[in-house]
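What you see is a predicted model; the values in this text were computed from it and never measured. No hydrogens, no waters, no symmetry mates; every other heavy atom, side chains included, goes into these values. Labels below follow one simple rule: chain letters A, B, ... track the order of the sequence lines, proteins then strands, and each chain is numbered from 1.
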Amino acid sequence: MTIQPRLYNGTRDLLPADMLPRERVLAEFRRSFQLFGFAPVETPALEYLEILTGKYGDDEAQLLYRLDYRNDDPARRLALRYDLTVPLARLVALHPELPLPFKRYQLQPVWRADRPQPHQGRYREFMQCDLDTVGSTSLSADAEIVAVCADLLGKLELPGFVIRLNHRRLLGAIVELAGLDADQEGMVCGAVDKLDKVGLEGVRRELGQRGLAEAAVARVLELITLPVDFADPAALAARLADHPAGRQALDELRELHAQLLALGVAGAHLKLDLSLARGLSYYTGPIFETVLPALPHMGSLMGGGRYDGLVGMFLGRDLPAVGATLGLDRILTALAQLRPGAVALTPTRVLVSRSFPETDALALQLAARLRASGVPTEIALEPGKLKKQLAYADKQGIPWVLVLGPDEAAQGLVSVRDMRGGSQQTLALAGLVVDQFS
RNA sequence: GUGGAUGUAGCUCAGUCGGUUAGAGCGCCUGGUUGUGGCCCAGGAGGUCGUGGGUUCAAGUCCCAUCUUCCACCCCA
C-alpha cells in the first residue's frame, strides 16, 4: 500500500530547472537591496492570529490560513503569515532598540488561501521580497524604495515595465470632491482600480450597480480621467484648489517624481495614475504598483506604499513606514513567458569521466584541481562505459567532458570534449586552462 | 468566494453509432562488440482509462456523485 504522492493545490516543488534561475534572481535582489543599505531579517512563518487580523481588507478572513491548533484559547490561535509587512510592524514594535530609520529587506514565503492560477503567477505559497524603511516621514524614503525596485526590474530586463503612482489622500480628495462619504472610498477605489481593465463604461456600470447616484458617478469619472502629468498637473491642481489635503498629496507626488528622476529612474517608467487604488487597507500616503503591458493577464509584479499607521497598532504610538513587495514567483513566471528557452538543469560545467581503473586516481585528482580553481565539476559516480557518461552529460547539459585514459595519461595529456559543438582536443594535463570552462 | 472547463502510459494527446487482447508521438531501458553523447536502425518496459456508484448482455465511451487540475472573475505578489 503506497501513499498517493500529491501536492496541495497552489504549492509546488521547485526542480533544479526552476531553482537555478530563481537563485540567480534572488542573488540580484540581495545585491541591490544591500547596495542601497537595506539589511536582511527573517520572521517566523507562524504568527499569532490576532497579529494578522484586521490589517488586510475585506477578503482577509477568507484568505488567511488559520491553524487548527489550540483553537480553544483565542489568545493562542495561530495563522500562517499573509505578507511580510505586518510581521515587520510587529518586529519593529518588539525591538524598540533598533536605530531609526530602520531599513530592512526580507525574502520569505507567504501563504494566501485564494484560488491558484499558475499562468498568472498566482500561488497559495509564494515568495515575497520586501523592502521597507521604518521611522522616516521623508519622501526620500518613498523615493528610495521605488528607485530600488525600478533598478531591479531594469536589471531583469522586463520590457517596458510601468510603475503607476498614486496617493491615498488624493483618492480621498476625489471621493470628497465627488460629494461622497469617506466610508464609500473603499468601494469607489475598488471599482476605479479596474479602469484599465474594464474601461470607463465598465467602471460607470459597477459604480451604478453599487448604488451610487448617477451624478456622483459622473463626478468621480470626470476627476479620475483628468489629464494628469507630473510635469503639468494644471487641470488636476485647479480642481483641487479648494481641497488642501488633496493639493498637498499632489505636491507630494510631484516631489516624489522629481526625486525619482534625480535618483536615475527613467521618466518613461513612471506614470501618475489616479485610478490606482490597491486593496490593502493599511496604506496612508503614496502608493505604487508595477504591471507589464506585454502581459496584461499577469497581476502586479511589485506593489507598495506608505503606511504610517500600521506600526502604531502594535506600538501604541505611530511610527511612519514605507515599503514595497516584489513578487519573485510572478517575476520568474513573467520572465519565462517573455523569454522561453532552454534552462540549465545543473550548475556543473565539467564532467570528469571514469572508465579506466589504471587512471582512476588521476581522474579524481583532476576533478579536485578543477574545483580548487572554482570550476563546478562532477565526477562520474559509477565508472563504466564512456558512452553512458557522455549521454549523462548531454542530458544534463554539462558543456565539457574530460577523458583521462591510459593513452592520454602516458603522455601527460587529457582529452577535452566540447559537448555543445561536438569537437574534442587533447591538451597537456599540466597546462589545462580552467578559464574555458567557466 | 463566483462562473466555466478538464481527467486515457513519465509527458502531449488519439480512441468512431457503447462491442473482443486500449493506441501514437516524445521520453525511458537494452543492443547496433573492443575508449565517445546528439542523428539513424532494431528490440523492450510501462496503463487501477482520476475515484465510487449506476444503466446495459457489454462502459475508456452513457448517467449521477466525488476528487483533481486548469481558465476567467474577485483580490493581489
Taking the minimum atom-to-atom distance to the side chain of [X], which one of [options] wins?
X	options	answer
K194(A)	rG38(B), rC75(B), rG35(B)	rC75(B)
K395(A)	rC75(B), rG38(B), rC29(B)	rC29(B)
D59(A)	rC75(B), rG37(B), rG35(B)	rC75(B)
V403(A)	rG35(B), rC74(B), rG38(B)	rG35(B)
K385(A)	rU36(B), rA77(B), rG31(B)	rG31(B)

Considering only the [atom1] atoms, how many Å lie between [N] and [M], rounded to the nearest integer?
N	M	atom1	value
rG15(B)	rC57(B)	P	28 Å
rG46(B)	rG52(B)	P	22 Å
rA24(B)	rA65(B)	P	36 Å
rA77(B)	rU12(B)	C1'	31 Å

Can you check the [X] [atom1] to [N] [atom2] distance for me, whole Å?
X	N	atom1	atom2	value
R22(A)	rA77(B)	CZ	C1'	12 Å
Y392(A)	rC29(B)	OH	P	13 Å
D394(A)	rG37(B)	CG	P	10 Å
F288(A)	rA77(B)	CZ	C1'	14 Å
F29(A)	rA77(B)	CZ	P	14 Å
F161(A)	rA77(B)	CZ	C1'	17 Å
L295(A)	rA72(B)	CG	P	12 Å
L386(A)	rG38(B)	CG	P	12 Å

Check the interface with nucleotides 41-50 of chain B: list each N/O to N/O pair with the protein under 3.5 Å, or write none.
none

Could you tell me whether a side-chain N or O of R168(A) sits under 3.5 Å from a main-chain N or O of A277(A), the two making a donor and an acceptor?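 Side chain of R168(A) to backbone of A277(A): a pair is present.
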Subject >> is_close_aromatic(Y282(A), Y307(A)), centroid dist under 6.0 Å >> reply: yes
Check for me whether the distance between the ring centres of F437(A) and W400(A) falls short of 6.0 Å.
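That pair passes the under 6.0 Å test.
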Taking CD in E358(A) as the centre, count heavy atoms belonging to other residues, nucleotides or ligands within less than 6.0 Å. Is the count above 12?
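Yes.
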Contacts of Y392(A) meeting ring-ring contact (aromatic ring centres under 6.0 Å, His included) (sequence neighbours excluded), chain-then-number -> none
Check: [X]/[Y] side-chain N/O donor and acceptor closer than 3.5 Å:
X	Y	result
Q259(A)	S140(A)	yes
E408(A)	S415(A)	yes
D132(A)	T85(A)	no
Q396(A)	T346(A)	no
R417(A)	Q424(A)	yes

Tell me what [X] touches on the nucleic acid: a base, only sugar-phosphate, or nothing, going by heavy atoms under 4.0 Å.
X	value
L7(A)	sugar-phosphate
E206(A)	nothing
T325(A)	sugar-phosphate
A393(A)	nothing
D407(A)	base
L326(A)	nothing

> Considering only heavy atoms and no angle criterion, is a donor-acceptor pair shorter than 3.5 Å present between the side chain of Q389(A) and the base of rU36(B)?
Replying inline: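 Checked by distance alone, the answer is no.
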Side-chain donor/acceptor of E408(A) to base of rG35(B), under 3.5 Å: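 When only heavy-atom distances are counted, E408(A) does reach the base of rG35(B) through a donor-acceptor pair under 3.5 Å.
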Note to self: Please report the interatomic distance CG(L253(A)) to CG(D273(A)), rounded to the nearest 0.5 Å.
What the structure shows: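 Going from the CG atom of L253(A) to the CG atom of D273(A) covers 11.0 Å.
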Distance col, row L328(A):CG vs R330(A):CZ, nearest 0.5 angstrom, shows 12.0 Å
Phosphate oxygens OP1/OP2 of [N]: is one of them under 4.0 Å from a side-chain N or O of [X]?
X	N	result
K388(A)	rG35(B)	no
N9(A)	rC67(B)	no
K387(A)	rG37(B)	yes

Contacts of P406(A) and E289(A) projected onto RNA chain B by closest heavy atom; the upstream (5') one is P406(A)
Nearest-nucleotide comparison on RNA chain B, the residue closer to the 5′ end among D329(A) and G422(A):
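The residue mapped nearer the 5' terminus is G422(A).
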The correct set of residues in residues 109-132 of chain A placing a heavy atom under 4.0 Å from RNA chain B is R112(A), D114(A), R115(A), Q117(A), P118(A), H119(A), Q120(A), G121(A), R122(A), Y123(A), F126(A), Q128(A)
